[in-house]
Amino acid sequence: MDVTVDLASPTPPYEQIRAQIAAAIDSGQLDEGTRLPSMRALAADLGVAIGTVARAYRELEGAGLVASRRRLGTVVAAPSVPAADAGDVRQAAAELASRAHRAGMSEETALSLLRAALVALRA
């Protein structure tokens, strides 16, 4: 797994880490049960604080992509969504990203709109 952080990017480092690991899981590059680097090791490799990696891992765990296991560390979780459904959602996300880009919308604005739509579904 190759994760990099661009400190000059407007995207926070934890989000860069989270997005790259999520993409590796979604693409099948990281299989279920694959152990992720320890937070300390990944932070040292990337030159970021351990808390930065911890936040990325917490967000991945919250999304159900990874699980923290005592003595094993953080591992890729079993998919909770059938592959066909995940593909449909991935395609819709790509379309949303494309539309937001064409509209000149910032990444944060597009993500905020998506979060608001997800929250509205829970109500």
Side-chain angles (χ1 to χ4, degrees):
M1 175 179 69
D2 186 33
V3 176
T4 59
V5 171
D6 178 3
L7 297 176
S9 171
T11 304
Y14 80 88
E15 177 57 22
Q16 293 179 48
I17 296 166
R18 187 212 58 78
Q20 290 174 58
I21 294 173
I25 292 169
D26 288 342
S27 71
Q29 182 183 353
L30 294 175
D31 294 323
E32 176 185 348
T34 301
R35 186 173 175 206
L36 298 183
S38 72
M39 287 184 250
R40 186 178 311 277
L42 186 56
D45 288 348
L46 298 175
V48 298
I50 293 173
T52 300
V53 176
R55 181 165 180 190
Y57 279 20
R58 273 194 314 273
E59 295 213 1
L60 289 164
E61 189 166 16
L65 295 174
V66 301
S68 295
R69 297 191 179 148
R70 194 168 208 160
R71 297 185 194 171
L72 289 179
T74 304
V75 297
V76 176
S80 60
V81 176
D85 291 341
D88 290 346
V89 173
R90 191 175 300 112
Q91 184 177 6
E95 177 62 25
L96 173 63
S98 178
R99 286 182 183 196
H101 179 75
R102 285 193 309 268
M105 190 176 291
S106 73
E107 181 179 318
E108 281 306 312
T109 301
L111 289 172
S112 293
L113 290 172
L114 178 57
R115 284 186 192 106
L118 291 168
V119 168
L121 289 175
R122 287 186 260 166

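The basis for the numbers below is simple: all heavy atoms, side chains too, and nothing from hydrogens, waters or symmetry mates.
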Trainee: Verify side chain to side chain contact (heavy atoms under 4.5 Å, CB included) between Val48 and Tyr14, making sure each step is shown before the conclusion.
Mentor: CA-CA 9 Å; Val48 298; Tyr14 80 88; over 6 Å; no
Trainee: Can you name the nearest heavy-atom pair linking Leu7 to Pro13, along with the distance?
Mentor: CD2-CG, 4.2 Å
Trainee: Rounded at 0.5 Å granularity, tell me how far CD1 in Ile21 sits from CD in Gln29.
Mentor: 10.5 Å
Trainee: Using residues 109-123 as the side-chain source, report each donor-acceptor pair under 3.5 Å to any protein atom, sequence neighbours left out, with the distance given to one decimal.
Mentor:
{"unit_1": "Thr109", "atom_1": "OG1", "unit_2": "Ser106", "atom_2": "OG", "d": "2.8"}
{"unit_1": "Ser112", "atom_1": "OG", "unit_2": "Glu108", "atom_2": "O", "d": "2.9"}

Trainee: Would you list the pairs meeting salt bridge (Lys or Arg N to Asp or Glu O under 4.0 Å) in which at least one residue belongs to residues 11-33, sequence neighbours left out?
Mentor: Glu15-Arg18
Trainee: Shortest non-hydrogen contact from Asp6 to Gln16?
Mentor: N-OE1, 2.7 Å
Trainee: If only atom types and distance count, is the side chain of Glu61 paired as donor or acceptor with the main-chain N or O of Tyr57 below 3.5 Å?
Mentor: no
Trainee: If you round to the nearest 0.5 Å, how far is CD of Glu95 from CZ of Arg99?
Mentor: 4.5 Å
Trainee: For Asp2 and Gln20, which heavy atoms make the closest approach, and how far apart are they?
Mentor: O-OE1, 3.8 Å
Trainee: Might you point out which heavy atoms bring Arg35 and Leu72 nearest each other, and give the distance in Å?
Mentor: NE-O, 2.8 Å
Trainee: Calculate, to the nearest 0.5 Å, the distance between atoms CD1 and CG belonging to Ile25 and Leu65 respectively.
Mentor: 5.0 Å
Trainee: Just to verify, what does Ser27 make a side-chain hydrogen bond (donor to acceptor under 3.5 Å, both in side chains) with, not counting sequence neighbours?
Mentor: none
Trainee: Minimum heavy-atom separation for Gly64 and Ala77, please, with both atom names.
Mentor: O-CB, 3.5 Å
Trainee: Do Leu60 and Val3 sit in one hydrophobic cluster, given that two such residues count as connected whenever their side-chain heavy atoms are within less than 4.5 Å of each other, even indirectly?
Mentor: yes
Trainee: Atom CD of Glu59 and atom CD1 of Ile17: how far apart are they, to the nearest 0.5 Å?
Mentor: 11.0 Å
Trainee: Side-chain heavy atoms under 4.5 angstrom apart, residues restricted to Ile, Leu, Val, Met, Phe, Trp, Tyr: same cluster for Leu46 and Val66?
Mentor: yes
